[in-house]
Student: 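First the structure, which I've put down as structure tokens, then a few questions once you've had a look.
Within every chain, numbering begins at 1; the chains are lettered A, B, ... in the order of the sequence lines, protein sequences first and strands thereafter. Here the structure is a predicted model, which is why all the values come from computation and not from measurement.
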Amino acid sequence: MNIEGDIIASIEKAIAALYNTSDSQQVKIEKTKTDFVGDFTYVVFPIVRISRKSPEQTAEEIGQYLKTNASFIQDFNVIKGFLNLVIDPSIWLNYLETNWENTSFTRPSKNEKVMVEYSSPNTNKPLHLGHIRNNLLGYSLSQIFQHTGYDLIKANLINDRGIHICKSMLAWKLFGNGETPQSANLKGDHLVGKYYVVFETKLREQTAESIENALKGNFEFTQANIQNRYSDTLEKLKTATEEKQIAKLSDDIKEFVRNNSNLMIACQDMLRKWEAGDAETIQLWKKMNDWVYEGFNITYTKLGVSFDKYYYESNTYKLGKDLVQEGLAKGVFYQKPDNSVWIDLTADGLDEKLVQRGDGTSVYITQDIGTAELKFQEFGMNRSIYVVGNEQDYHFKVLFLIMQKLGKSYAQGMYHLSYGMVDLPSGKMKSREGTVVDADDLLNEMYETAKEKTIELGKTDGLSEEELNNLYTQLSLSALKFFILKVDPRKRMLFNPQESIDFQGDTGPFVQYTYARIRSILRQAGNNWQTAITATALHPAEINTIKVLYDFPAVLEDACKDYSPAIICQYCLDLARAYNRLYNEVSILRETDETLKNLRLKLAHHTAETLKFGLNLLGINVVERM
RNA sequence: GACCUCGUAGCUCAGCUGGAUAGAGCAACUGCCUUCUAAGCAGUAGGUCACAGGUUCGAAUCCUGUCGGGGUCACCA
């Protein structure tokens with residue numbers, strides 16, 4: 001039964017009967033706060049205009065009406081304008097009786113297709129903490145959508161082309177001496193990342209002196225246009241007073257010199273060769289990308305995330321260019337004298353935005369336009385969700401607007417789940433300052449911590465080596481995943497690697513522990529407890545736990561609507577807390593009253609299944625013992 | 001500078017579609033294992049919900065402004 005719906009209907013009836021009004025009121029009820037007596041609360045302030053009586057009197061009258069006319073309302077109390085309703089406990093018992101055997105909570109199909117794109121790495125460096133948040137959010141969101149009744153496709157768009165990829169390639173070619181992941185005994189993504197760093201280091205070494213000179217005005221560029229921009233910047237720098245401005249101008253000059261260096265010129269040359277399909281360049285590109293994918297796959301597997309479909313920017317940018325032509329033909333885009341293609345979004349409060357370079361090559365957004373179209377051509381989904389950090393808010397505003405203006409029907413289904421950055425105690429992660437927390441390192445450290453804590457507690461007698469390994473793995477992943485998913489995706493969050501992650505309190509292991517304790521009880525309970533219960537009195541802790549269980553379907557829908565795994569985390573904590581209180585206040589296996597014992601076992605069973613399902617939505621596995 | 005975002009206990013976070021006395025966890029202190037796993041439970045202490053106005057019967061929640069943190073404003077991705 002739908003308890004809230006029935007109550008609301010009864011209240012509406014009461015208002016109509018008592019105050020002789022025909023206009024239907026927007027009746028809303030909420031759960032009664034724990035400090036007050038009651039299950040549901042109706043706030044009467046909004047209808048005192050209709051009752052023309054004081055809030056207390058109005059609440060009293062409605063309460064009295066419900067008590068006599070609605071069989072499931074057992075009692076009520078009024079505090080100020082708050083009408084607290086106590087429903088017949090048999091309703092809760094009945095709910096448990098009809099639902100306790102459920103092991104799946106997947107909602108009925110909504111017949112809608114949803115794609116979630118997440119992870120979306122660059123192939124020039126290994127994954128870090130920021131990617132972990134992205135991956136965990138994306139995977140969990142996929143689970144949530146799928147179990148809320150959507151047909152779901154998990155997609156990963158790999159950024160496998162561009163100047164940054166060439167940097168690693170060039171550095172490996174020049175300084176790598178043929179090193180391979182095998183010879184270096186290094187994961188492929190880390191090896192490629194190493195050469196990305198090598199490139200930056202060499203570039204810094206080779207340009208340090210020139211930059212010094214250039215800042216003093218002693219530098220000559222071969223290309224006239226850069227020479228001109230350099231002179232301009234130099235002039236501005238001389239008169240600049242503001243610290244920020246000086247830094248910006250100095251950076252610009254630095255950039256001119258770097259771009260003028262032999263290394264960068266060789267790099268750009270390589271990019272041109274790549275775009276021209278030069279066999280040797282393509283071969284190197286494929287080899288190094290394969291190393292990276294091999295490395296990524298190891299990390300993905302460890303994290304427990306997966307994808308149904310991979311997109312590669314090297315494949316989609318061409319379709320993007322076709323769409324640019326389409327947009328030009330439609331008059332959505334326009335061309336400047338240098339042949340570059342733009343869209344004017346000033347009427348929508350945004351800027352003019354470049355969608356294709358003058359030389360005909362694509363920029364970031366060109367690729368995204370192409371990918372959006374390709375996704376829809378292949379899957380025809382109703383909704384397309386992008387799990388991408390909030391630093392790209394503007395980019396996605398522009399992208400969605402462009403797709404709309406191109407007249408793409410699917411544009412309205414595009415959604416950017418914009419999550420906040422992960423900060424360290426020292427502030428933002430910066431690769432230049434070496435403060436990036438590597439994903440593989442972090443997972444390994446978490447494993448060690450989980451192992452230590454578990455050994456400290458010494459409850460693992462009789463577990464095999466393999467079972468122990470699995471236990472440490474699941475505990476460490478649970479701690480990490482829960483820690484990250486617990487906070488609202490949209491907010492920035494702080495991660496302190498030193499203090500590591502707790503295994504006590506509001507944590508994944510706490511929820512797992514609650515599950516494991518229930519499993520322990522059920523293992524000892526035999527199987528003569530599943531008989532039907534028709535009537536019995538309920539302990540407050542039992543009612544409370546059933547109420548939380550009753551909430552789950554609505555919570556799942558909410559989490560989906562809000563794109564928020566955090567709502568599931570919060571729910572798991574609530575349920576675990578409710579059950580743990582019950583566990584502490586009453587006996588289960590030692591209960592002598594058979595009816596009560598059976599009731600509690602059903603309650604425990606249903607709690608365990610709900611926790612397991614909830615954790616799975618977060619990408620966390622349960623353990624049977626811990 | 002313009003635009004976007006965030007500001008809740010010492011710390012990390014809930015609560016934000018307006019409702020009662022603002023909640024958890026960590027850290028501190030106090031209890032509870034001869035009884036089902038103490039990675040647990042119960043309790044004490046800790047708050048001008050950044051600040052100032054406004055709307056409302058009612059504001060942490062909505063609006064405006066101020067201050068503070070972060071982000072974006074590339075022919076980078």
Student: Nearest to the side chain of A/I521, heavy atoms from C-beta on, is which of B/C57, B/C36, B/C75?
Tutor: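 Out of B/C57, B/C36, B/C75, the nucleotide with an atom closest to A/I521's side chain is B/C36.
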Student: Determine the contact category for A/T41: base if any of its heavy atoms lies under 4.0 Å from a base atom, sugar-phosphate if only primed atoms, P, OP1 or OP2 are that close, otherwise nothing.
Tutor: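 Touches a base.
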Student: In whole Å, what is the span from the CG atom of A/N496 to the P atom of B/C26?
Tutor: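 Rounding to the nearest Å, CG of A/N496 and P of B/C26 are 17 Å apart.
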Student: Can you classify the ring geometry of A/Y579 versus A/Y583 as parallel (below 30°), tilted (30 to 60°) or perpendicular (above 60°)?
Tutor: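 A/Y579 and A/Y583: tilted rings.
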Student: Scan A/D423 against the nucleic acid and name what it touches under 4.0 Å (heavy atoms): base, sugar-phosphate only, or nothing.
Tutor: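 It contacts nothing in the nucleic acid.
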Student: Do the charged groups of A/E313 and A/R161 touch, with an N to O distance under 4.0 Å?
Tutor: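 Between A/R161 and A/E313 there is no salt bridge, as every charged N stays at least 4.0 Å from the carboxylate O atoms.
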Student: Would you mind classifying the nucleic acid contact of A/V43 as base, sugar-phosphate or nothing, using non-hydrogen atoms under 4.0 angstrom?
Tutor: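 Result for A/V43 = base.
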Student: Rounded to the nearest Å, what distance is computed from the CZ atom of residue A/R517 to the P atom of nucleotide B/G40?
Tutor: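 Value for this atom pair: 8 Å.
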Student: Answer with base, sugar-phosphate or nothing: what part of the nucleic acid does A/E456 contact at a heavy-atom distance below 4.0 Å?
Tutor: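 A/E456: no heavy atom of the nucleic acid under 4.0 Å.
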Student: Scan A/L475 against the nucleic acid and name what it touches under 4.0 Å (heavy atoms): base, sugar-phosphate only, or nothing.
Tutor: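 Touches a base.
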Student: Does the B/A20 base have a donor-acceptor partner in the side chain of A/N84 within less than 3.5 Å?
Tutor: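 Present.
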Student: Which part of the nucleic acid, if any, lies within contact of A/Y513, taking any heavy atom under 4.0 Å across all strands shown: a base, the sugar-phosphate backbone alone, or nothing?
Tutor: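 Here A/Y513 touches the bases of the nucleic acid.
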Student: Taking atom P of B/C76 as reference, at what distance in whole Å does atom CE of A/M264 sit?
Tutor: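 In whole Å, B/C76 P and A/M264 CE are 10 Å from each other.
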Student: Have a look at A/F510 and say if it touches a base, only the backbone sugar-phosphate, or nothing, with a 4.0 Å heavy-atom cut-off.
Tutor: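 Sugar-phosphate contact only - A/F510 comes under 4.0 Å of backbone atoms but never of a base.
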Student: Measure distances between side-chain N and O atoms of A/D506 and base N and O atoms of B/C13, and say whether any donor-acceptor pair falls under 3.5 Å.
Tutor: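 No, no donor-acceptor pair under 3.5 Å.
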Student: Measure CZ/A/F82 against C1'/B/G58 and give the value in whole Å, please.
Tutor: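 Interatomic distance, CZ of A/F82 to C1' of B/G58: 8 Å.
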Student: Just call it for A/L457: base, sugar-phosphate, or nothing, with non-hydrogen atoms closer than 4.0 Å on any strand.
Tutor: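 If one applies the 4.0 Å heavy-atom cut-off, A/L457 turns out to touch a base.
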Student: Reckon A/K33 has a side-chain N or O less than 4.0 Å from the OP1 or OP2 of B/G23?
Tutor: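 Answer no for this pair, as no side-chain N or O of A/K33 is under 4.0 Å from OP1 or OP2.
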Student: Does A/F483 reach a base, just sugar-phosphate, or nothing at all? Heavy atoms under 4.0 Å.
Tutor: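 Nothing: the residue A/F483, judged by heavy atoms under 4.0 Å, touches no strand.
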Student: Among A/V437, A/L442, A/V436, find the one that has a side-chain contact (heavy atoms from CB on, under 4.5 Å) with A/H128.
Tutor: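 It is A/V436; the other options fail the test.
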Student: Answer yes when A/D488 and A/R490 have at least one side-chain N-carboxylate O distance shorter than 4.0 Å, and no when they do not.
Tutor: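 Yes, charged N to carboxylate O under 4.0 Å.
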Student: Please work out if A/V586 contacts a base, only the sugar-phosphate, or nothing of the nucleic acid, heavy-atom cut-off 4.0 Å.
Tutor: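 The answer is base, as A/V586 lies within the cut-off (heavy atoms under 4.0 Å) of a base atom.
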Student: Do any side-chain nitrogens or oxygens of A/K80 fall under 4.0 Å of OP1 or OP2 in B/A20?
Tutor: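 So the side chain of A/K80 is outside the cut-off, no N or O lying under 4.0 Å from OP1 or OP2 of B/A20.
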Student: For B/C13, take OP1 and OP2 only and decide whether either is under 4.0 Å from a side-chain N or O of A/Q570.
Tutor: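 Negative; the distance criterion is not met.
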Student: Need the pair for B/G47. Rule: Watson-Crick or G-U wobble, both distances under 3.5 Å, any strand; none if unpaired.
Tutor: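 Paired with no nucleotide.
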Student: In terms of relative ring orientation, are A/Y386 and A/F400 parallel, tilted or perpendicular, with 30° and 60° separating the classes?
Tutor: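 Tilted.
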Student: Nearest 0.5 Å, please: how far is CD in A/Q474 from CG in A/N621?
Tutor: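 Those atoms lie 4.5 Å apart.
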Student: Where each residue is assigned the nucleotide of RNA chain B containing its nearest heavy atom, which of A/Q504 and A/K428 is assigned the position nearer the 5′ end?
Tutor: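 That would be A/Q504.
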Student: Testing A/P489, A/S140, A/C569 for side-chain contact (heavy atoms from CB on, under 4.5 Å) with A/S564, which one passes?
Tutor: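 That would be A/P489.
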Student: Take the protein atom CG of A/L573 and the nucleotide atom P of B/C26, then report the distance between them rounded to whole Å.
Tutor: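 To the nearest whole Å, that distance equals 11 Å.
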Student: Who is the Watson-Crick or G-U wobble partner of B/A59, with both distances under 3.5 Å?
Tutor: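 Pair assignment: B/A59 / none.
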Student: Could you state the atom-to-atom distance from CG of A/D351 to P of B/C75 in whole Å?
Tutor: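 Answer to the nearest Å: 11 Å.
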Student: Rounded to the Å, how far apart are A/E352 CD and B/A74 P?
Tutor: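 Nearest whole value for this atom pair: 12 Å.
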Student: Whole Å only: how far is the CE atom of A/M626 from the P atom of B/G40?
Tutor: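 Computing the A/M626:CE to B/G40:P distance gives 9 Å.
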Student: State which of B/C4, B/U72, B/C75 makes the closest approach to the side chain of A/E391.
Tutor: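 Minimum distance to the A/E391 side chain belongs to B/U72.
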Student: Kindly label the base of B/C73 as syn or anti, based on whether its glycosidic torsion lies within 90° of 0.
Tutor: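 That one's anti.
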Student: With heavy atoms under 4.0 Å as the rule, sort A/R490 into base, sugar-phosphate or nothing.
Tutor: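 No contact.
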Student: Categorize A/Q392 for me: base, sugar-phosphate, or nothing, with a 4.0 angstrom heavy-atom threshold over every strand shown.
Tutor: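 A/Q392: base contact, heavy atoms under 4.0 Å.
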Student: When only distance counts, do a donor and an acceptor, one from the side chain of A/T514 and one from the base of B/A39, lie under 3.5 Å apart?
Tutor: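 Such a pair does not exist between side chain and base.
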Student: I want to confirm an ordering. Mapping A/H164 and A/D488 to their closest nucleotides on RNA chain B, which one lands closer to the 5' end?
Tutor: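 So the residue in question is A/D488.
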